[in-house]
Amino acid sequence: MSGGTYLGMPAFPEAASESTQNKQLRANLTHATHTIRDKRAKAVAELADWPQLRAAGAAIKNRTLRHLDHYLEQVEAAVEAAGGHVHWAADADEANRIVIDLVRMTGETEVVKVKSMATQEIGLNEALGEAGIRAYETDLAELIVQLGDDLPSHILVPAIHRNRSEIRDIFAKEMGNWGRPAPDGLTDRPAELADAARLHLREKFLRAKVGVSGANFMVAETGTLVVVESEGNGRMCLTLPETLISVVGIEKVVPTWQDLEVFLQLLPRSSTAERMNPYTSMWTGTTDEDGPQTFHLVLIDNGRTDTLADTVGRQALRCIRCSACLNVCPVYERAGGHAYGSPYPGPIGAILTPQLRGTQSKLDASLPYASSLCGACYEVCPVAIDIPEVLVHLRERVVQGGEVTLRGSRTTIKPAKGHAAERAAMRAARWALDHPAALRGGQRLAARTRRLHPKRLPGPGKAWTETREVPAVPAESFRDWWQRTRGKETK
Amino acid sequence: MRVALFVTCVNDTLYPDTGRAVVTLLERLGVEVDFPAAQTCCGQAQFNTGYRYETEPLVRRYARAFEGYDHIVTPSGSCVAMVRDNYPRIGEKAAAEGRGDELAEIAASVVPRTYELTEFLVDVLGVTDVGAYFPHTVTYHPTCHGLRMLGLGRRPVELLSHVKGLELRELPGADECCGFGGTFAVKNAAVSAAMGADKARHISETGASAVCTVDNSCLMHIGGTLARLGSQTRPVHLAEILASTEEHPYAPGGIR
């Protein structure tokens with residue numbers, strides 16, 4: 001995995017059939033996801049009112065999304081009244097152009113970044129790079145990903161696929177190319193690695209004139225932005241530079257501070273299993289002689305309004321990016337985050353990416369199928385997103401096509417390519433299952449030929465018999481047994 | 001009491017022993033069992049793969065087949081979850097597409113009458129000791145649909161704990177999916193196999209003679225994986241254990 005791009009990545013099953021064979025990756029992921037999932041369960045169990053909090057979180061988000069236009073205008077008015085500037089971006093390209101122009105206006109050629117999913121989603125670092133502006137990631141895990149010319153594989157811990165000896169090697173080899181080199185004789189002790197990162201990053205914090213962030217929440221009533229983090233790098237980026245540019249998805253708004261209270265309980269326990277995260281930064285426009293003197297808020301749509309138009313799929317917009325669903329997902333645990341071909345991996349990615357990007361590419365059409373529908377994700381989701389329901393809904397979109405909203409207008413899309421044989425099989429099966437006599441005929445034929453059934457099947461059946469035996473067909477189906485022994489007794 | 005058995009297409013075709021076991025068990029408990037022959041399949045595989053329109057005729061068939069029965073009992077957690085969770089969604093979507101309320105009305109009619117076997121035993125009949133005898137070590141895998149969608153909770157374990165001669169072994173990582181997932185098993189065969197291998201390892205670690213679930217589709221994947229790995233643990237549906245008695249003991253092929 002290299003080059004920092006998702007373009008041209010294979011569909012999920014192909015990517016996963018390789019990644020599941022990677023023993024190192026599997027060991028790293030099993031260890032990390034099981035550790036955090038157990039901790040989350042303990043942290044959540046401490047709160048007796050967790051089900052009520054979860055219901056409140058879902059209800060607040062639903063209400064906000066229902067009146068999103070109203071709350072966004074409230075955010076805009078409040079931010080501008082507090083001295084900030086608000087920009088609206090319909091898609092990734094527009095958002096990137098806006099940020100590039102804003103950085104150019106400062107005359108600077110480098111920015112420091114707070115960890116942000118929205119800027120990953122729009123590919124901001126790459127766009128800035130092409131415009132001659134260097135973006136420095138300052139979150140420890142994002143730094144590891146950036147130095148390793150890698151892609152994030154987890155929403156909260158983007159370098160979860162790396163273990164500490166790999167991180168040591170990346171630091172020793174790459175830090176010098178980006179700034180202060182790693183100390184000689186660096187070992188893989190966590191404290192030493194953190195110290196090397198701290199020294200490397202500090203010179204960037206002290207030098208940078210422009211900071212770029214996302215936000216976890218925007219409080220509409222005061223126009224306040226909120227960033228929740230653990231390391232303190234975010235606080236540095238949000239307070240030291242002269243100019244701050246925050247790129248935020250339009251669904252991040254909450255109406256009031258009272259609403260925010262619910263999410264500040266749900267998010268830390270769900271994501272890092274902490275009762276409260278160490279750093280919560282909040283800012284409202286600008287303040288004279290304190291913090292950035294220029295503040296820009298770039299609100300991005302990038303497929304969100306289209307998602308909102310879908311009555312089943314819109315619940316994905318409730319997501320607060322806690323990543324609890326990734327940590328409990330048996331598919332994510334084995335396939336790893338890169339197989340999802342998007343900054344949003346795991347169960348939430350499998351429903352968010354095909355809605356934000358569409359289902360037309362082979363990769364995006366494969367994502368709704370990257371789940372056994374086991375429901376563990378729904379169970380832990382702090383805003384009760386029924387991910388399995390949305391997965392099946394999107395599978396319909398893939399194989400049946402139908403009405404969707406694309407860039408604001410209702411459009412009928414065709415089924416995705418490559419499902420013709422499956423569709424024919426489903427139709428044939430449905431026909432047989434809707435004709436019990438035909439079903440019985442098939443069962444009897446299978447029973448008569450059962451000695452001849454091969455142990456290893458050809459075609460699609462091969463995917464089953466690679467690792468599993470096929471069940472032996474019985475001499476008599478249940479319905480034949482019933483008819484033979486009881487047929488006369490009941491209807 | 002007279003109930004309709006919804007045997008399911010998988011059990012009808014591949015696991016008739018499970019269907020026979022449900023009949024034996026319910027009749028032993030004084031329940032009269034019918035098998036309406038118009039029944040076939042709940043449509044779960046079609047629906048979960050995205051073929052909602054191909055599912056609709058099967059929803060109608062289910063309603064027709066079981067018309068007039070107050071209790072539809074089925075030895076498959078995932079088929080019950082299909083009816084309970086997804087039939088109302090199919091009805092809602094059809095109505096939203098301007099195709100009338102027929103499917104929504106069907107859902108409203110069949111959902112409250114459809115019971116997973118252990119729900120029927122514990123909640124309707126009010127029994128946890130069904131007089132069964134099964135002198136083997138057993139580990140129980142709570143399938144995802146049973147555990148998370150239906151919320152079967154302790155019902156299956158309560159029933160197993162009253163089986164004479166049975167020694168229940170706790171399954172490590174029990175709440176993790178076995179990796180079957182219907183068409184997932186072939187569409188994402190690599191991940192499915194990796195999940196299956198981990199489940200099989202946990203099962204083998206218990207040293208149990210049999211692994212038991214409330215769903216033969218998961219058991220087909222688990223048992224197929226165990227057999228390929230040369231394990232001695234046999235897959236057995238819960239109904240077959242509960243049907244077994246001292247007078248008529250049931251011994252699945254090759255069980256220790």
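No experiment lies behind these values; they were computed from the predicted model shown. Letters go in sequence order (proteins before strands), and every chain restarts at 1.
A salt bridge does not link A:Glu403 to B:Lys93: none of the charged nitrogens lies less than 4.0 Å from a carboxylate oxygen.
Among all heavy-atom pairs drawn from B:Arg61 and A:Leu433, the shortest one is CD-O, 3.5 Å. Pairing each heavy atom of B:Ala227 with each of A:Glu469, the nearest pair is CB-CG, 3.5 Å. Considering every non-hydrogen atom in both B:Phe184 and A:Tyr369, the closest pair reads CD1-O, 3.6 Å. Of all heavy-atom pairs between B:Ala190 and A:Ala16, the closest is CB-O, 4.3 Å.
Under the rule for a salt bridge (Lys or Arg N to Asp or Glu O under 4.0 Å), B:Glu170 has no partner lying at least two apart in sequence or in another chain. Scored by the side chain to side chain donor-acceptor pair (under 3.5 Å) test, A:Arg444 finds A:Asp480 as partners (sequence neighbours excluded). Applying the ring pair (Phe, Tyr, Trp, His ring centres under 6.0 Å) test to A:Trp481 and every residue at least two apart in sequence or in another chain returns A:Phe478.
When heavy atoms are compared at a cutoff of 4.5 Å, A:Leu373 approaches chain B by way of both its backbone and its side chain. Contact of B:Ala200 with chain A is not made at all, since no heavy-atom distance falls under 4.5 Å. Looking at B:Met149, the atoms closer than 4.5 Å to chain A (heavy atoms on both sides) all sit in the side chain, from C-beta outward. Contacts between B:Val186 and chain A at a heavy-atom distance below 4.5 Å involve backbone atoms as well as side-chain atoms. Contact of A:Ser371 with chain B is made through the backbone alone, with heavy-atom distances under 4.5 Å. Within the 4.5 angstrom heavy-atom criterion, no atom of B:Asp17 approaches chain A. Of the atoms belonging to B:Thr183, it is side-chain heavy atoms, and not backbone ones, that fall under 4.5 Å from chain A. Interface remark: B:Leu5 contributes side-chain atoms only to the contact with chain A (heavy atom separation under 4.5 Å). Neither the backbone nor the side chain of A:Val398 comes within less than 4.5 Å of any heavy atom in chain B. Contact of A:His34 with chain B is made through the side chain alone, with heavy-atom distances under 4.5 Å. Contacts of A:Arg427 with chain B are made by both backbone and side-chain atoms, with heavy-atom separations under 4.5 Å. For a residue to count as touching a neighbouring chain, one of its non-hydrogen atoms must lie under 4.5 Å from one of that chain's; by this rule B:Arg60 does not touch chain A. Only the side chain of B:Leu58 comes within contact range of chain A, judged by heavy atoms closer than 4.5 Å. Within the 4.5 angstrom heavy-atom criterion, only side-chain atoms of B:Glu176, from C-beta onward, approach chain A.
By a heavy-atom distance cut of under 4.5 Å, A:Ser17, A:Thr20, A:Arg26 are the residues of residues 17-29 of chain A near chain B, going up by number.
A:Glu396 and B:Tyr53 form no side-chain donor-acceptor contact under 3.5 Å, judged by distance and modelled atom types alone. A donor-acceptor pair shorter than 3.5 Å cannot be found between the side chains of B:Arg228 and A:Thr465.
When each of A:Arg395, A:Lys462, A:Arg397 is scored by its heavy-atom pairs under 4.5 Å with chain B, the top score falls to A:Arg395.
Checking A:Arg423, A:Gln400, A:Glu422, A:Arg430 one by one against B:Tyr51, the side chain to side chain donor-acceptor pair (under 3.5 Å) holds for a single residue, A:Glu422.
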Test B:Met195 against A:Glu333 for side-chain contact (heavy atoms from CB on, under 4.5 Å), laying out the working first. CA-CA 10 Å; B:Met195 290 162 71; A:Glu333 180 189 335; over 6 Å; no
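The shortest distance between side-chain heavy atoms of A:Pro13 and B:Asn188 falls below 4.5 Å.
Judged by distance alone, with hydrogens and angles left aside, the side-chain atoms of A:Arg468 form a donor-acceptor pair with the main-chain N or O of B:Ala185 at under 3.5 Å.
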